[in-house]
Protein chains: 2
Amino acid sequence: MSTSTPASPGGKAAWAGAREALRERGLRWTPQRRLILDVLAETSGHITGAELVERCRARDAATIGSTVYRTLDVLEELGYVRHSHGADGREEYHVLPLAEHAHIGCLGCGAAWDLTWEDARELVERLEARNGFRVALGHVMIGGYCPGCEPAER
Amino acid sequence: MSTSTPASPGGKAAWAGAREALRERGLRWTPQRRLILDVLAETSGHITGAELVERCRARDAATIGSTVYRTLDVLEELGYVRHSHGADGREEYHVLPLAEHAHIGCLGCGAAWDLTWEDARELVERLEARNGFRVALGHVMIGGYCPGCEPAER
DNA sequence: GTCGTTCTTGCGAGGCTATGCAATAACAAC
DNA sequence: GTTGTTATTGCATAGCCTCGCAAGAACGAC
Ligand SMILES: [Mn+2]
Ligand SMILES: [Mn+2]
Ligand SMILES: [Zn+2]
Ligand SMILES: [Zn+2]
């Protein structure tokens with residue numbers, strides 16, 4: 001469903017410090033969190049909350065949705081994931097974000113791509129200059145239609 | 001919560017043609033649709049799907065959510081409303097959009113502004129040329145911080 | 001006014017996400 | 001290993017939005 005974002009850097013390696021990161025904050029290392037991190041470590045690019053629940057459930061049928069969503073909140077605070085909302089409003093988590101970037105999503109087929117600061121520069125500079133508005137690229141979502149998806153009517 | 005978008009032009013007047021617009025397409029004029037249009041005619045700027053359901057329910061307790069959402073779909077096809085998704089992923093309907101436009105929202109205070117095709121031209125043209133991607137300006141959401149709101153952390 | 005066609009509605013169910021609460025488990029200290 | 005503290009889980013519930021389906025209503029024709 002979601003395309004884009006080249007493979008993450010170290011794969012599993014990047015997650016090595018997660019257990020320590022949790023403990024340093026007084027948070028706990030539980031079997032549920034370990035499973036979620038294992039799945040994320042094998043994911044590159046984007047994943048929706050629902051997809052993550054599903055993949056965890058494939059490995060442990062007892063997986064509870066709310067636990068997954070709450071763990072995602074924690075991981076976002078630690079910087080391991082970052083979320084925005086896709087064109088359909090659903091959560092889209094970016095795993096191990098290398099650099100802040102915006103998302104472009106097809107309203108037809110749901111495919112998604114990334115947009116860099118460089119791509120958005122002209123617009124970002126215009127908003128900064130004209131309105132004093134500082135764009136948070138991670139919270140930019142551009143909806144539209146990819147070449148394969150004709151926008152039906154209108 | 002959402003600022004911007006000056007009051008709609010004619011208020012009720014702008015909705016006068018709605019009944020005809022429906023009939024010309026073979027669609028029907030029902031009591032449910034009339035109520036929804038009445039409520040929308042008294043709304044200017046933005047409204048979420050849930051808010052609209054609530055306001056309709058205030059006038060007719062028998063209002064059914066799915067009917068409201070389906071009517072919004074129809075009205076969007078006729079051009080009377082246009083929706084995108086707010087920073088929290090919920091649907092945000094723009095009533096009587098004068099022109100298709102994108103939304104800029106402050107992640108700090110929630111203030112929102114509009115962005116026109118002209119403002120986005122450079123980026124839109126770039127995406128069209130480079131990826132064959134046709135931007136739907138109404139589905140563009142730009143998050144960031146207004147001059148008054150310091151970007152907290154990270 | 002009656003009838004037939006086709007659009008709409010109501011209703012039920014389901015997907016995605018959030019939250020409160022009590023029971024449980026992780027961790028640190030001993 | 002036991003115990004106490006407190007974070008976390010499971011569960012239930014709820015909100016927002018979508019969809020299928022069968023019953024019902026709007027509309028045009030007569
Ligand atoms: Mn939508
Ligand atoms: Mn969110
Ligand atoms: Zn597409
Ligand atoms: Zn602000």
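Residue numbering restarts at 1 for every chain, and letters A, B, ... go by the order of the sequence lines.
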Original post:
Is B:E51 atom CD crowded by more than 12 heavy atoms from other residues, nucleotides or ligands, each under 6.0 Å away?
Top reply: yes
Separation of atom [atom1] in [X] from atom [atom2] in [N], rounded to whole Å:
X	N	atom1	atom2	value
B:R25	D:dC27	CZ	C1'	18 Å
B:W29	D:dG28	CH2	P	14 Å
B:D88	D:dC17	CG	P	9 Å
A:L72	C:dT19	CG	C1'	16 Å
B:L52	D:dC17	CG	P	10 Å
B:R57	D:dG15	CZ	C1'	11 Å
A:H83	C:dA18	NE2	P	7 Å
A:E91	D:dG15	CD	C1'	14 Å

Subject >> Interatomic spacing from OG in A:S44 to NE2 in A:H94 - rounded to 0.5 Å >> reply: 8.5 Å
Original post:
Less than 4.5 Å apart, any side-chain heavy atom of A:L78 and any of A:R25?
Top reply: yes
**OP:** Would you indicate whether the side-chain heavy atoms of B:Y93 and B:L72 approach each other to under 4.5 Å?
**Re:**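 Answer yes - side chains close enough.
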**OP:** Would you please confirm or rule out a distance under 4.0 Å between OP1 or OP2 of D:dC17 and any side-chain N or O of B:Y69?
**Re:** yes
Original post:
Under 4.0 Å between a Lys/Arg side-chain N and an Asp/Glu carboxylate O for B:E54 and B:R57?
Top reply: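 B:R57 and B:E54: not salt-bridged.
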**OP:** In plain terms, say whether B:E42 and B:R59 are close enough for a salt bridge, that is, a side-chain N and a carboxylate O under 4.0 Å apart.
**Re:** yes
Original post:
Which parts of nucleotides 6-13 of chain C does protein reach within less than 4.0 Å, heavy atoms only, written one letter per nucleotide 5' to 3' as B for base, S for sugar-phosphate only and - for none?
Top reply: BBSBBB--
**OP:** Between B:R19 and B:R90, name the one whose nearest nucleotide on DNA chain D is closer to the 5' end.
**Re:** B:R90
